[in-house]
Amino acid sequence: MTARAVLLLSTRNDPAVALVAAALEARGARPIRFDTDAFPTDAHASLRFGAGSDDVVLESEHGRAAFSELSAIWLRRLDIAARLPPDLDPRYRAPARDQSHAALVGILASFRGRVLDPLRVIDAAADKPRQLQLARALGLDIPRTLLTNDPAAVRDFARSCPDGLVTKPLSALVIDDGPGEQVMYTSALSPADLDDLDGLRLCPLMFQERVTKQLEIRATVVGRRVFAAAVDSAASPRGQIDWRRDGARLDDHWQPHSLPAAITDRLVALVAELGLTYSAADLILTPDGRHVFLESNPAGEWLWLEQPLQLGIADAIADELLAGPPPPTCRA
């Protein structure tokens, strides 16, 4: 009996891979790791289209993976071309990076087995306005929201939000401020901020009514299972608006959280509607008991909760990777 092979794609120093690999091995499967940051410098990928068959092989320090032998692929993290030589001529660095990314992404897209989750689906599911629209249609509470580059529209919206406004980028936003990089988190708007919105004309943002918090919740959805944890972000002055601003200080404050069945059912339905198997949703529990959906992260992090709380997320991921049929050449 041949063990089912599962390809795990991440980066060299990602401890989450070891957890999922162990869960797969416990189920009789054979995990094969491929560090995406090692491609193309220390790893190889080849795709060959023949007269009647295709041949795809990935090789690295962890071994060889042929697509014909794989049951599934876990797309945990991509950091392609991260190890290009530092002395590579700048004229060739960008082309090398871009071609490497296009090559590996294209090769992965040719796999016809189970993928958790396909890149094209992840990219589409990251659309925050679409998430909010679907969440509302499924019966989840959402904050009143405005997406605009019009300062006048923001000031008008602010007048309808007596508890204030927060703003957030539509996608990960990092600003190079010279000495280093500054990540833009969800931020509260002051009256002075509302008076100074000129830059908005060149960079649209999302604005939402500020929702009073009792707890912030991370609900990790894997298939039909939901693993929830909550934190009182008021324990950190820096993290009151967005707990990620002071994430390390709040690590020990997270606790398992039980969501109402109606909320878990709607979150599962939302992830399925987005075409995903995995996603990590952020919600607020208000003092009056409402669960307000903020957003869902198609490739959101889970390790910082799994390690201290032992929620079972790695086991659930392994179960989903083995949920599909084995390849024709694999007899499990």
Review point. When the ring planes of His257 and His291 are compared, do they come out parallel, tilted or perpendicular, using 30° and 60° as the limits?
Key: tilted
Exercise for review: State plainly whether the residues Glu320 and Arg225 are in salt-bridge range, i.e. N to O under 4.0 Å.
Suggested key: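 Salt bridge between Glu320 and Arg225, a charged N being under 4.0 Å from a carboxylate O: no.
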Under 3.5 Å donor-acceptor, [X] side chain and [Y] backbone:
| X | Y | result |
| --- | --- | --- |
| Glu216 | Arg218 | no |
| Arg77 | Thr36 | no |
| Gln131 | Ala125 | yes |
| Thr145 | Pro143 | yes |
| Lys168 | Met206 | no |
| Asn149 | Leu202 | no |

Point to revise | Exercise: identify the closest heavy-atom pair between Leu259 and Val226 | key: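 Taking every non-hydrogen atom into account, CD1-CG1, 4.1 Å.
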Review point. Ser187 and Thr167: side-chain donor and acceptor closer than 3.5 Å?
Key: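 Ser187 vs Thr167: no donor-acceptor pair found between side chains.
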With [X] via salt bridge (Lys or Arg N to Asp or Glu O under 4.0 Å) - residues at least two apart:
| X | result |
| --- | --- |
| Asp117 | none |
| Asp87 | none |
| Arg112 | none |
| Arg33 | Asp35 |

Check your understanding: So how far is it from Leu274 CG to Ile122 CD1, rounded to the nearest 0.5 Å?
Key ->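 That separation rounds to 11.5 Å.
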Check your understanding: Can you tell me how far CG of Leu47 sits from CG of Asp55, rounded to the nearest 0.5 angstrom?
Key ->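 That separation rounds to 8.0 Å.
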Point to revise | With sequence neighbours excluded, residues passing side-chain contact (heavy atoms from CB on, under 4.5 Å) with Arg97 | key: Ala81, Leu84, Arg93, Ala94
Exercise for review: Decide yes or no on side chain to side chain donor-acceptor pair (under 3.5 Å) for Ser296 and Ser279, but give the supporting numbers first.
Suggested key: CA-CA 6 Å; Ser296 196; Ser279 197; 2.6 Å; yes
Donor-acceptor contacts under 3.5 Å from residues 10-28 side chains, at least two apart:
from	atom 1	to	atom 2	distance (Å)
Ser10	OG	Asp14	OD2	2.4
Arg12	NH2	Glu61	OE2	3.1
Asp14	OD1	Ala16	N	3.0
Asp14	OD1	Arg76	NH2	3.2
Asp14	OD2	Arg76	NE	2.6
Arg27	NE	Asp319	OD1	2.5
Arg27	NH1	Ala23	O	2.9
Arg27	NH1	Asp315	OD1	3.4
Arg27	NH2	Asp319	OD1	3.4

**Study point:** Within one Ile-Leu-Val-Met-Phe-Trp-Tyr cluster: Phe34 and Ile32, side-chain cutoff 4.5 Å
**Key:**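 The answer is yes; both residues are in one hydrophobic cluster.
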Practice item. Indicate if Phe39 and Val57 have the same hydrophobic cluster label, given that clusters are the connected sets of ILVMFWY residues with side-chain heavy-atom separations under 4.5 angstrom. Key: no
[X]: which residues meet the side-chain hydrogen bond (donor to acceptor under 3.5 Å, both in side chains) condition with it, sequence neighbours left out?
| X | value |
| --- | --- |
| Ser60 | none |
| Asp193 | Ser190 |
| Ser110 | none |

Study note, to complete from the structure: Residue pairs meeting salt bridge (Lys or Arg N to Asp or Glu O under 4.0 Å), one or both in residues 142-163, sequence neighbours left out, come to Arg144-Glu209, Asp156-Arg159
Check your understanding: Under the ring-ring contact (aromatic ring centres under 6.0 Å, His included) rule, what pairs show up with a residue in residues 81-114, not counting sequence neighbours?
Key -> Phe67-Phe111
Review point. Is there any ring-ring contact (aromatic ring centres under 6.0 Å, His included) pair reaching into residues 193-219, and which pairs are they, with sequence neighbours excluded?
Key: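 Residue pairs passing ring-ring contact (aromatic ring centres under 6.0 Å, His included), neighbours aside: none found.
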